[in-house]
Amino acid sequence: MELKVLGSSSNGNCYILDNGKEALILEAGVRFQEVKKALGYNLRKVVGCLITHRHNDHAKYIKAMVDNGFHTLALADVWKNKGVWGSRSVAIVPKHGYKLGRFKVLPFNACHDVPCVGYLIEHPECGRIMFLTDSCECLSLFPRLNHVLIECNYSMPKLIEAVNAGVTPKSQIDRLPNSHMELQTCKAVLSELDLANVYNIVLLHLSDHNSDRLKFVSEIERQTGKAVYAATPNMDIDITKF
């Protein structure tokens, strides 16, 4: 199983879990042409698409998912906001399980400035994955994880530095702590998770101006002793459960 990163920023978010026979799309924030290319233009293997919330960097291209007949899971808030619906559109309920091909999916509540969820994803080839982005806290902890995909959007020192330099609006000092995950919060969450069987930790949605990619990876590697990646476009990570 591979994790393919198509986008992981405010410019657009999309990831694909792909074993060659089945593919699950996470988020619809990049152009569908890029998704098709990443799938090798084999759309028949797509078992579904998961959306976390309505913001365009995560859901702008949800119509393409629906128009191509993919089972697409999103909160009712997303469907209402985007004005899109199809025969395979699913208005999800947090803590209710869903099955897409051999993927088992459990949405759980996230903490953002609009209704938002994370997903616990399970597949025989990769085990259990926690996927959490655009959330200032982790509201659910899961045992027996094998991979953790978690937002690490900014650090407070980098945010203040960027605001003082004039590259980040001052308003973000008030907004980000209530909508996105800070480095120290990410580290605290990871300290509470069951990492005994975790192979990979992938840091998501790093801010261009308010984060330090190398520092974030290094700090979390030292804390956890796990392989840590900062998601960037065109990155492929083997997440097969060994």
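All values derive from a computational prediction rather than experimental measurement. Residue numbers count from 1 along this sequence.
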Quiz item: Is there a side-chain contact between V84 and S89, using heavy atoms and a 4.5 Å cut-off?
Solution: no
Practice problem: Might you confirm whether atom NZ of K226 has over 12 heavy atoms from other residues, nucleotides or ligands at distances under 6.0 Å? | Solution: yes
Quiz item: Judged by modelled atom types alone, do E161 and H209 share a side-chain donor-acceptor pair under 3.5 Å?
Solution: no
Exercise. Using a 4.5 Å cut-off on heavy atoms from C-beta on, say whether the side chain of F142 contacts that of F108.
Key: yes
Quiz prompt | Sub-4.5 Å side-chain heavy-atom contact between V90 and Y98 | solution = yes
Exercise. Look at D113 together with R175 and state whether they make a salt bridge at an N to O cut-off of under 4.0 Å.
Key: yes
Exercise. Give the intermediate values and the outcome of side-chain hydrogen bond (donor to acceptor under 3.5 Å, both in side chains) for residues H180 and H112.
Key: CA-CA 7 Å; H180 290 278; H112 195 38; 4.5 Å; no
Exercise. For ring-ring contact (aromatic ring centres under 6.0 Å, His included), just list the numbers for H147 and Y199, CA-CA rounded to whole Å, side-chain angles, deciding distance to a tenth of an Å, and then say yes or no.
Key: CA-CA 6 Å; H147 309 278; Y199 300 110; 5.7 Å; yes
Quiz item: Can you tell me if CG on N164 sees more than 12 non-hydrogen neighbours from other groups inside 6.0 Å?
Solution: yes
Quiz item: Would a 4.5 Å heavy-atom cut-off, applied to side chains only, mark D134 and H58 as touching?
Solution: yes
Practice problem: Would you mind checking if E34 and K37 are paired as a salt bridge, meaning a charged N to carboxylate O distance below 4.0 Å? | Solution: no
Quiz item: Hey, does the side chain of N13 reach the backbone of H205 with a donor-acceptor pair shorter than 3.5 angstrom?
Solution: no
Exercise. Decide if atom NZ of K45 counts as having more than 12 heavy atoms of other residues, nucleotides or ligands within a radius under 6.0 Å.
Key: yes
Exercise. Could you tell me which residues satisfy side-chain contact (heavy atoms from CB on, under 4.5 Å) with N56, sequence neighbours excluded, listed by chain and number?
Key: K60, K82
Quiz prompt | Q172 side chain reached by L159 side chain, heavy atoms, under 4.5 Å | solution = yes
Quiz item: Hey, is D77 close enough to R54 for a salt bridge, meaning N to O under 4.0 Å?
Solution: yes
Self-check item: Heavy-atom check, side chain of R31 versus side chain of Y61, under 4.5 Å
Solution: yes
Quiz item: Do N210 and T168 meet the criterion of a side-chain donor-acceptor pair at a distance under 3.5 Å?
Solution: yes
Quiz item: When you look at L195 and V148, which way does the side chain to side chain contact (heavy atoms under 4.5 Å, CB included) test go after all the steps?
Solution: CA-CA 9 Å; L195 302 181; V148 178; 4.1 Å; yes
Self-check item: Side-chain heavy atoms of L145 within contact of L120, under 4.5 Å
Solution: yes
Quiz prompt | W85 to A91 - nearest heavy-atom pair and separation | solution = CH2-N, 3.9 Å
Self-check item: side-chain hydrogen bond (donor to acceptor under 3.5 Å, both in side chains) evaluation trace for T52 with E27
Solution: CA-CA 7 Å; T52 58; E27 310 284 43; 2.7 Å; yes
Practice problem: Report yes if the side chains of I51 and L26 come closer than 4.5 Å at any heavy-atom pair, otherwise no. | Solution: no
